[in-house]
Amino acid sequence: MIPLPPHDCWSRPTHYLGRRVLQFAKLDSTNDLALVLGSDPANDGLVLLAGEQNAGRGQYGRSWQAPARSSVLMSVLLFPPPHLCRPVVLTAWAAVAVAETIAELTDLQPKIKWPNDVYLNGKKVCGILIEQRGIGRPGEAPATAVGIGLNVSQPGEFFDQAGLTLGGSLLSITARRFDYQEVARKLIHRLDDLYALLLEGNLAPLEIRWKQRLGLAGKQVRAETLAGSREGRLVDVSFEAIVLDVGANEPLQMLPETVRQLTG
Ligand code: BTN
């Protein structure tokens with residue numbers, strides 16, 4: 001048994017994930033603990049929540065800062081089957097679930113910024129960090145921590161003072177107060193409903209909803225891969241590839257690291 005800091009344990013009546021939720025006042029990082037608990041496949045579907053993190057981690061080795069009890073700081077521990085192990089699918093799953101939870105709460109329509117940020121009224125309100133432990137034994141799914149940081153009740157000044165000009169919270173954008181724990185509960189159900197579809201092999205509804213929230217079709221974009229970047233008009237986007245009209249005879253197909261819109 002892995003010793004855990006003091007926590008509350010609760011459960012949601014879900015299909016798959018959140019049947020066990022561990023809620024901590026403070027952790028170093030929910031993703032770190034999720035990866036440790038990933039040594040036991042019986043923890044599949046476990047959700048970890050923290051009121052505060054000492055060492056919250058973001059993309060590209062950055063830190064993720066959130067005042068105590070201001071945010072949903074969540075990690076979902078999964079052992080996804082091979083057809084769901086692609087980063088693009090898991091990222092889209094988490095981002096769509098977050099965006100739809102926000103839409104349900106606020107009546108505003110968030111956008112997804114490739115690959116894994118959720119924006120509301122032009123401000124980043126949520127970041128997603130997906131990490132895997134090892135590669136899993138042959139035939140075994142790797143333990144995967146899907147970390148979600150969703151800003152709920154930071155005032156606008158928090159982002160100004162932190163120099164996060166593009167950051168925002170549900171409060172700073174809507175001037176409405178939401179309880180971060182209630183937001184977390186709603187998000188768990190959204191994640192679970194969507195994940196149940198994915199487990200059945202039904203990826204199409206997620207792909208459609210992800211494409212809509214990306215809002216990039218027909219736009220002039222810059223797509224960046226590890227080998228360099230290309231600009232063009234985005235003709236189509238799917239979990240397999242984006243199709244870019246670069247003015248040459250053949251449209252270009254690629255699965256990039258990032259896609260940025262260049263013009264309206
Ligand atoms: C980003 O940089 O945009 C991703 C941020 C991810 C932050 C979340 S908060 C919960 C989980 N635990 C972590 O240490 N990071 C993720």
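Read the numbers this way: they start at 1 and go in the same order the structure lists the ligands and their atoms. Position 1 is the first residue of the sequence, and the numbers go up from there.
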Starting from [atom], what is the nearest protein heavy atom, named by residue and atom, and what distance separates them?
| atom | answer |
| --- | --- |
| atom 3 (O) of ligand 1 | Lys124 NZ, 2.7 Å |
| atom 10 (C) of ligand 1 | Thr30 OG1, 3.2 Å |
| atom 8 (C) of ligand 1 | Gly149 N, 3.6 Å |
| atom 15 (N) of ligand 1 | Arg57 O, 2.7 Å |
| atom 5 (C) of ligand 1 | Trp64 CE3, 3.3 Å |
| atom 2 (O) of ligand 1 | Gln59 N, 2.7 Å |
| atom 9 (S) of ligand 1 | Gln53 NE2, 3.5 Å |

Between Gln154 and Ser71, do the side chains contain a donor N or O and an acceptor N or O under 3.5 Å apart?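 Per modelled atom types, Ser71 and Gln154 side chains form a pair under 3.5 Å.
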Do Glu131 and Asn31 meet the criterion of a side-chain donor-acceptor pair at a distance under 3.5 Å? yes
Are [X] and [Y] within salt-bridge range, i.e. N to O under 4.0 Å?
| X | Y | answer |
| --- | --- | --- |
| Lys211 | Asp236 | yes |
| Glu224 | Arg230 | no |
| Arg86 | Glu240 | yes |

Within the 4.0 Å heavy-atom shell around [X], which atoms of ligand 1 are there?
| X | result |
| --- | --- |
| Asp117 | 3 (O) |
| Gly56 | 14 (O) |
| Met74 | 10 (C), 11 (C) |

Answer side chain, backbone, both or neither: which part of Asp32 comes under 4.0 Å from ligand 1, heavy atoms only.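 No part of Asp32 comes within reach of ligand 1.
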Using a heavy-atom cut-off of under 4.0 Å, does the side chain or the backbone of Ile148 touch ligand 1, or both, or neither?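 Backbone only.
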Does the Asn116 side chain pair with the main chain of Ile128, one donor and one acceptor, at a distance under 3.5 Å?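 Such a contact is found between Asn116 side chain and Ile128 backbone.
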Any donor and acceptor pair, going by atom type alone, linking the side chain of Asp117 with main-chain N or O of Gly127 inside 3.5 Å?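 Pair absent, no side-chain N/O of Asp117 close to backbone of Gly127.
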Single-linkage hydrophobic cluster, 4.5 Å side-chain cutoff, Tyr195 and Leu77 together: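 Unlinked, Tyr195 and Leu77 end up in two clusters.
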Heavy-atom gap Arg62 to ligand 1 smaller than 4.0 Å: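 No, that is not the case, since the closest heavy atom of the residue is not under 4.0 Å from the ligand.
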What's the separation between atom CG in Leu27 and atom CD in Glu52, rounded to the nearest 0.5 Å?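 So the gap between those two atoms works out to 10.5 Å.
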